[in-house]
Amino acid sequence: MKLITFIILVALVTVVNAQETPIKKDSSVTVLDEVILIAVRKKKIETEMKMAVSVDEFLASSDNISFIKRGAYAWEPLLNNMSTERSTITIDGMHIFGACTDKMDPVTSYVESNNLSEIDITSGQEGSMHGATVAGSIDLKRKSTAFGLSKKWSGAYQTGFEFNNNQYFNLGNISYSSDKLVAEGSISYRKAENYYDGENNEVNHSQYDKFNTSVGIAYKTSPLSSIKVDAIFDKAKDVGFPALPMDLSLSRALITSAAYKQFFENKLIKVWDTKIYFNAVEHYMDDTTRPENLVHMDMPGWSTTYGLVSKINLKKENYASEIQLNAYDNLSIAEMRMYPQDRSERTMFAYSWPWVTTRYAGLSVNNSWDISKKSLLNFGGTFGVNYNYSKYVDFNWIFNPGASQKKTRFLPNLYTSYQLNIADFNFSVGGGYGHRAPSVSEGYGYYIYNSFDRYDYIGNPDLKNEISYEANASAGFKNNKGSIQAKINYFYIQNYIIGRILSLGSPMNYQSVGVKGYTSLDYASLFNFSLNTKYTIFKKLHWKGMLTYARGLDDNKNNLPFIRPLSYQTSLHYSFKNLGLFTSLNGDLKQINYSPEYGEDETPSYTNWNISADYTFYINNYRTVLQVGAENLFNEFYSTYADWGNIPRMGRNVFTSIKINF
Amino acid sequence: MKTLHFIVIVLFVVATSCTIDKTDFEAEISVETTEYVDFKEAASVTTGNYTISIEALNGTFYKGYNEIHLKIFNKQTGENLEDLEVNFLPILTDTNGNKVSCPHKYNLDYDTSEGYYLGYSVFTSESDASANWKLYINFIDNNQTHSVNQIISVEKQTNMNLNMTSFTGNNNEQYFIALISPQKPRVAENELVAGIYKYNQPTNVGGVFPDPSQFSYSIVQGHTLLLDPRMPEPSMGNHSSPNNKNLTQQSDSLYYGVVNYTMTGNWTLNFIFQNQDGQVIKGTEVPTDFTPGIEGAKSELYIDILF
Ligand SMILES: [Cu+2]
């Protein structure tokens, strides 16, 4: 393990050294430049409403993402209304696992909007490219600067203030591009105080403080090959989680990788891209900020991952294929130490993740075949092997006597889809089949307190693979005035893993009411529907609308938890010369299909009205955008179906920001 | 460039070094428990040509259950004496001269494979200025009885997992329960082993001291010890564990059960002691509710442990 750290360190230093050598102009580099330029992502991490969004806010603009919110920070993204165990979340294909047993740190909390270029969301089994999944995959794409840009130096600086929670932020990024060398870096700092809800009450413990920085250096080793090393360092401290009985005192992540890319000219193989990576996450919770807690408890967690991603792209005539090898090794550790009221007494200690190793290796193939100009067939799959090992298996044996300490699972994933375009219409149908292994908590968790239903959760190492059968379809129409697109998908999930009340054992955590064990339901089913429309009313005025609906049922036809009720979003965008105006209305209808069994109650409907205005001007030829706006203009008091413990959301929030590009 | 080097290296050192050290779990458990596996000589007596060596774990007699290994050596012939009749009797004398004993094995059996006489003694108190323990040992070699006695020191039991309790049952008999294993429990399923003994009231007037009929103890046969382990600390709210098994007697006369400890710390083993007919001799049921902030109620028969 130390060895790999060392190798990455050496690689970084080597590249840094390489920059010192004089760079010779090379005229035969155009091929590589062209290919790399294609890969340059034009998208930006911003929404029409707000240019200085957090990663979470950006994700929220997608129609198949919803969030469980435990406060103002680090929202847990739900893809197709399924929690993070059922999706794979990666950064440039790299696997990272949060170190918090209470899901305070989804992977999305370790990046910042100014080091990302876009977020790739793939629904269902098509997302199995990066690893076994049920819901799909979310791949956070890092910014990557092309070689040999005409503008050697470029960058952006953004600052702003949000009035509701006194949040200020400073985001800066810079890049250097020459024919042989690319260097880029970003730095950001956000700090927010408690926010106020729609009744102007302060929501205690909702502050946060986040620092994030990244560096990337790429060096062209030949006209057709390059190496690249990347690192992200993220540090969050003093983060409040109003919905939980404890806060975060410190969380740090180091995410590093070294990649080699080789292009091929006039061959079947176009690109071979290989990357080794290492990331380490540490997470320290703190409950001393909560005087109402009679028991003080330390709950540190660590997660370390080493991995490899190697990918080749093949293309011949109307056929393209992508073959990817994925392998990683993760060690997750979480401890709990309780302090007795009489501090001279002995503390009490247990592991909530008893040193759980997860190893995964999977080979994926993605094929795309242009059958004709009108139709396209995508098909592919992954064959993966998943291995788990629990070092202190004694903990698991208390509730599961004789459970396996080592467990190997085979995880196949398959999908196919057919797309057809006829004139202005497009249609697609698809299907998928796939397995996933239980997560560390589901398999090996030990007295993990869930403050939503107030149960302590116990994992079971011998849970069966969750097996998903999936069908999806879409239909759309598009012309130069507007578009409409409807999508549906249906998941039938065998051995659906969920917590069920155990009759044995008694709770350990102070606020807990009982013990639940992760068990498999015979099956559960999930249905998602979305409708997206766009219309250009006249040249400068655009309208957009979005409608989503979902329903999830268990094998007794009871509702599954965290399924979004009917939700809508409608927005108007008007631009005139350098001025842009935006207004939107979004909300959820009443949550009728809630799940009392899993701690949910009926959530009333809500509507938010938002407005913003931006103005673009130039300071010394530097393009500058100034924006002001307000979210929840009516100052509506509300909480959504997925707000942990029904904590109220933020009330009216006036925001301002300015961005300078140079 | 040098600064970039520096930054890269610092970044690595910062992030690969943790702010809080991970707990060393083995060390964590060892804080409160010492495990002794080696028998060493705890006392020796010489009489005539004979040397008697008494071995106990760690070469020390502790309050609670002590397995005794006894060897008799003939200095003249240089041989270990096997298969003799050997009697073993521990006696506690207080400042007033009152003499009592404790659960013990009176007739020691010779273990041929191990080469010693095997017995046990459950010392009910520690030696101190006001009370001393003395071992009375008889053996018959060549039809001649040899009697020796030796003052020993019984030390405080430092490992709470080897605690003992003595009590008077509802039937007015005097009982003793001594924990034998595990010495070093784990956060796991642990096999729990205890010895259960009873004082036999003398039926006749005592003869010449030490008259074994006045100091008779026996192993309780075929009873059951119902087990309910709980964490008494108020912050633990009467926390318990699943999958525990009551203690029943096995072929070696000791009582075996299963206790699960869900975390390290203070635990109370709450017992209900029942005879063959299921009648309660001692012990009360404890509440099973989760009551955060309130110290857990204990059975009237319990042993506290700590690890
Ligand atoms: Cu946490």
Side-chain angles (χ1 to χ4, degrees), chain A residues 2 5 8-9 12-13 16-17 19-20 213 215 217 231 233 250 252-254 256 280 282 284 294-298 300 302 333 335-342 345-351 354-355 392-395 397-399 401 446-447 502 504-508 510-515, chain B residues 1-23 25-26 28-29 31-32 160 185-190 230-244 258 260-267 288-295 306-307:
Chain A
K2 285 272 184 282
T5 314
I8 295 173
L9 180 60
L12 269 169
V13 171
V16 172
N17 280 335
Q19 202 181 352
E20 289 170 27
T213 184
V215 288
I217 298 159
F233 176 72
L250 175 70
R252 292 195 299 187
L254 177 71
T256 59
E282 49 181 337
Y284 307 116
L294 292 179
V295 187
H296 170 51
M297 199 168 165
D298 282 341
W302 299 268
I333 303 167
E335 301 180 347
M336 50 185 163
R337 182 182 294 280
M338 294 190 193
Y339 292 84
Q341 272 140 350
D342 178 357
E345 291 282 332
R346 170 125 168 92
T347 60
M348 294 153 276
F349 178 85
Y351 284 111
W355 289 63
Y392 296 111
V393 70
D394 281 337
F395 287 87
W397 284 344
I398 287 173
F399 280 87
Y446 185 69
Y447 284 105
L502 288 179
L504 47 140
S506 69
M508 181 181 283
Y510 201 82
Q511 293 91 335
S512 175
V513 294
V515 182
Chain B
M1 263 331 103
K2 284 280 178 282
T3 47
L4 194 50
H5 267 188
F6 182 73
I7 290 167
V8 165
I9 289 162
V10 164
L11 209 67
F12 252 84
V13 171
V14 163
T16 48
S17 64
C18 292
T19 317
I20 297 177
D21 284 332
K22 295 178 186 97
T23 298
F25 189 51
E26 296 305 323
E28 177 75 21
I29 288 180
V31 173
E32 298 291 342
M160 285 178 76
R186 299 188 61 86
V187 180
E189 202 177 78
N190 295 274
R230 290 186 180 269
M231 295 188 87
E233 168 65 38
S235 59
M236 295 311 298
N238 200 34
H239 174 72
S240 185
S241 60
N243 299 325
N244 302 300
V258 170
N260 282 276
Y261 296 122
T262 57
M263 68 193 311
T264 69
N266 275 302
W267 284 82
T288 55
D289 319 336
F290 186 58
T291 48
I294 299 165
E295 175 141 5
L306 173 63
F307 77 106

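Every chain is numbered from 1, with letters handed out A, B, ... down the list of sequences.
Among A:Tyr339, A:Trp397, A:Phe399, the residue with the largest count of heavy-atom pairs under 4.5 Å with chain B is A:Phe399. Interface summary for chain B: among A:Pro340, A:Pro354, A:Pro507, the most heavy-atom pairs under 4.5 angstrom belong to A:Pro507. Contacts with chain A were tallied for B:Asp289, B:Asn260, B:Thr23; B:Thr23 has the most, counting heavy-atom pairs under 4.5 Å.
B:Glu233 touches chain A through its side chain: at least one heavy atom from C-beta onward sits under 4.5 Å away, while N, CA, C and O do not. When heavy atoms are compared at a cutoff of 4.5 Å, B:Asn238 approaches chain A solely by way of its backbone atoms N, CA, C and O. At a 4.5 Å heavy-atom cutoff, A:Leu502 makes no contact with chain B through either its backbone or its side chain.
Taking every heavy atom of both residues into account, A:Phe349 and B:Glu28 meet most closely at CB-OE2, 3.7 Å. Between B:Val187 and A:Phe395 the shortest heavy-atom distance is CG1-CE2, 3.0 Å.
Side-chain contact between A:Tyr446 and B:Thr262 is present, with at least one heavy-atom pair separated by less than 4.5 Å. Using a 4.5 Å cut-off on side-chain heavy atoms (C-beta onward), B:Glu189 and A:Pro401 make contact.
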- request: Applying side chain to side chain contact (heavy atoms under 4.5 Å, CB included), run through B:Phe25 and A:Asp394 and close with a yes or a no.
  value: CA-CA 12 Å; B:Phe25 189 51; A:Asp394 281 337; over 6 Å; no
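Listed for the B:Asn243 side chain is a donor-acceptor partner under 3.5 Å among the backbone atoms of A:Ile398. Put simply, the side chain of A:Arg346 gets close to the backbone of B:Phe307: a donor and an acceptor are under 3.5 Å apart. Of the possible polar contacts, one joining the A:Ser506 side chain to the B:Ser240 backbone as a donor-acceptor pair under 3.5 Å is found.
Within the model, atoms CZ of A:Arg337 and OG1 of B:Thr264 stand 6.5 Å from one another, a figure rounded to the nearest 0.5 Å. Atoms CE and CG, on A:Met348 and B:Leu306 in that order, are 10.5 Å from each other to the nearest 0.5 Å.
No salt bridge links B:Lys22 with A:Glu282; every basic N to acidic carboxylate O contact stays at or beyond 4.0 Å.
Between A:Tyr447 and B:His239, the ring planes are perpendicular. Angles over 60° get that label, and only those under 30° would be called parallel.
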